[in-house]
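Here is the structure we will look at.
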Amino acid sequence: MNLVIPPRTTPSSATAPLRLPLGVLLLLSFSLLTARQSLGSSDLDGAWRLDVPKPFGVTTHTFLVLHQEGNTLTGMVYPNTAEERTMLNPHMEGPVAVFSIDWGWTFYVHRSGANLSVTLKPDGAEPIQAVAYRISDADMRPPSALPLPAVRDLPDNGLVRTPPMGWNSWNHFAEAIDDRTVRETADAMVDTGMAAAGYVYVNIDDTWEGAARDAEGNITTNRKFPDMKALSAYVHSKGLKLGMYTSPGFVTCGGYTASLGHEDRDMKTFAEWGVDYLKVDWCSSSRVYADTELRQVYQKMGEALERCGRPIVFSLCEYGRGEVWRWGAAVSGNLWRTTGDIHDNWKSMSGIGFDQGRLAPYAAPGHWNDPDMLEVGNGGMTNTEYRTHFSLWCMLAAPLMAGNDLRSMPDETREILTNREVIAVDQDALGKQGTRLFTLNNVEVWSKPISGGGQAVGIFNRGVAEAAASITWSQIGLESKPLIIRDLWQHRDIDVAADGLSAEVPSHGVVLLLLK
Ligand code: GLA
């Protein structure tokens with residue numbers, strides 16, 4: 001994959017223009033350098049702009065600010081110019097300077113004539129070979145902050161009374177998303193039964209944007225998306241809705257054109273395209289505004305959405321910064337990210353999911369905590385773990401945005417994503433988020449109130465061995481045995497003892513029950 005964050009296990013067919021195995025690149029770098037004798041004492045010193053041209057007509061940039069004294073290197077990196085990151089573990093490997101940043105990127109840098117020759121290695125993805133050019137400090141300066149509205153409460157837009165359900169391109173495809181893949185995904189959403197199970201939004205994440213605005217200042221698409229209006233019409237013709245992505249900053253996280261200073265114009269464009277859902281990603285705003293201004297920046301976007309003439313679900317993506325759950329609804333937000341990016345592994349998913357209980361008071365119809373999109377079916381976890389992932393997200397009344405390739409999903413993945421009894425827990429009309437009742441060794445018992453007086457109970461085993469859990473009715477707030485106990489993964493009513501229930505839960509697995 002190319003220069004995008006965060007590192008993902010993505011198809012490698014996508015986009016990298018100049019791709020060589022890392023070993024070859026390093027060898028090449030090394031031989032070039034030995035040919036030039038050794039490094040001068042400050043060969044890497046200065047500010048540099050790393051250009052990464054994409055095959056669809058966009059070039060993204062990353063700034064490197066390097067201070068070299070002999071073999072000692074320090075500095076800062078501005079990945080995709082969108083954020084500022086301290087260089088981690090800088091060191092010389094022979095003549096090549098090596099350092100990383102916490103986007104999961106490692107850089108291998110050496111001087112080549114007037115420029116730098118750079119190999120960028122994103123975790124879990126192909127290395128990219130590119131050139132960095134010398135720039136001045138002024139070239140790195142972000143645009144100035146714009147006036148922000150005084151804080152006020154915006155009216156509720158009335159959308160998504162139950163958590164939004166759909167699909168988003170990022171987790172699986174990252175930059176390898178295009179018009180055709182979106183159309184095929186819309187087809188698959190219908191053909192696989194996902195649409196019938198409630199999934200409706202087909203959401204294009206970052207990397208759809210063109211290199212520049214048109215003469216009137218309108219945002220444009222790149223070659224991967226030749227006609228957004230036609231694509232939108234296609235998605236709508238399937239009975240589905242279209243989602244898009246932008247940032248309130250000057251570039252998106254991927255380094256593409258974003259909406260700073262064009263808030264109204266862009267929201268109008270999205271409305272004209274027939275967009276129904278918009279994810280608004282903070283990223284480069286952090287180089288323009290302070291975190292204390294998060295609310296006003298999102299309010300400005302909310303006001304522009306209010307004026308755009310089309311109902312559009314407003315999805316805030318700010319990684320849980322600024323305690324967004326306290327004010328997200330007041331800027332007309334329908335959902336807000338409560339965490340950094342999810343990754344397709346047990347540690348990331350469980351670390352995020354089991355930490356969400358404290359935010360339960362902030363979820364309500366129309367306004368949802370968003371622990372990030374689903375990884376179900378992406379291959380980094382077992383199906384037992386994916387059932388836990390899906391169950392936990394449903395217990396959290398989380399938005400259910402599938403993040404896998406719907407066109408080729410195996411039956412077991414489809415069965416997880418379309419389990420209607422589990423989805424009904426997520427979509428329950430009460431709109432209450434579940435919380436952890438108690439923990440017994442590695443077993444966590446969670447409860448979510450359900451309309452009509454019942455509750456869903458999730459018995460989760462976070463341990464590495466199978467666990468037996470015994471739970472009394474009083475431990476889950478009941479006086480006696482409920483009338484109906486339904487196992488939502490086994491799809492059957494179960495009988496239990498009069499004083500409580502016991503369950504065998506596999507390692508990293510879940511027993512999910514509906515008690516009435
Ligand atoms: C951020 C977001 C992700 C995704 C990428 C796209 O990392 O948190 O969900 O949108 O940006 O660049």
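Index from 1, following the sequence. Every number for a ligand or one of its atoms is a count from 1 in the order of the listing.
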>> Donor-acceptor check, side chain of His389 to backbone of Glu375, threshold 3.5 angstrom: yes or no?
In response: yes
Contact region, Thr252 to ligand 1, non-hydrogen atoms below 4.0 Å, reads neither
Note: Cys283, heavy atoms under 4.0 Å from ligand 1, region reported as neither
**Asked** Quick one: does Asp281 get an N or O within less than 3.5 Å of an N or O on ligand 1?
**Response** yes
Margin query: Any nitrogen or oxygen of Trp170 lying under 3.5 Å from a nitrogen or oxygen in ligand 1? Just yes or no.
Written below: no
dist Ile342:CD1 -> Asn345:CG (nearest 0.5 Å) comes out at 8.5 Å
So CG of Asp291 and CZ of Arg321: to nearest 0.5 Å the spacing works out to 4.0 Å
Handout entry: Asp137 atom CG, over 12 foreign heavy atoms within 6.0 Å
Key = no
Next on the checklist: Does Arg180 have more than 12 heavy atoms from other residues, nucleotides or ligands lying within 6.0 Å of its CZ?
Outcome noted: no
Going by the order shown, which atoms of ligand 1 are within less than 4.0 Å of some heavy atom of [X]?
| X | answer |
| --- | --- |
| Arg337 | 8 (O), 9 (O) |
| Tyr245 | 6 (C), 10 (O), 11 (O), 12 (O) |
| Asp206 | 6 (C), 12 (O) |
| Gly254 | 12 (O) |
| Cys317 | 2 (C), 8 (O) |
| Lys279 | 3 (C), 4 (C), 9 (O), 10 (O) |

Using 30° and 60° as the class limits, which term best fits the ring planes of Trp208 and Trp273: parallel, tilted or perpendicular?
perpendicular
Judged by heavy atoms only, the candidate from Asp372, Asp370, Asp341 nearest atom 7 (O) of ligand 1 is Asp341
Exactly one of Leu374, Val376, Thr413 clears side-chain contact (heavy atoms from CB on, under 4.5 Å) with Asn404, and that residue is Thr413
The residue among Thr269, Asp264, Thr252, Thr246 that forms side-chain hydrogen bond (donor to acceptor under 3.5 Å, both in side chains) with Ser259 is Thr246
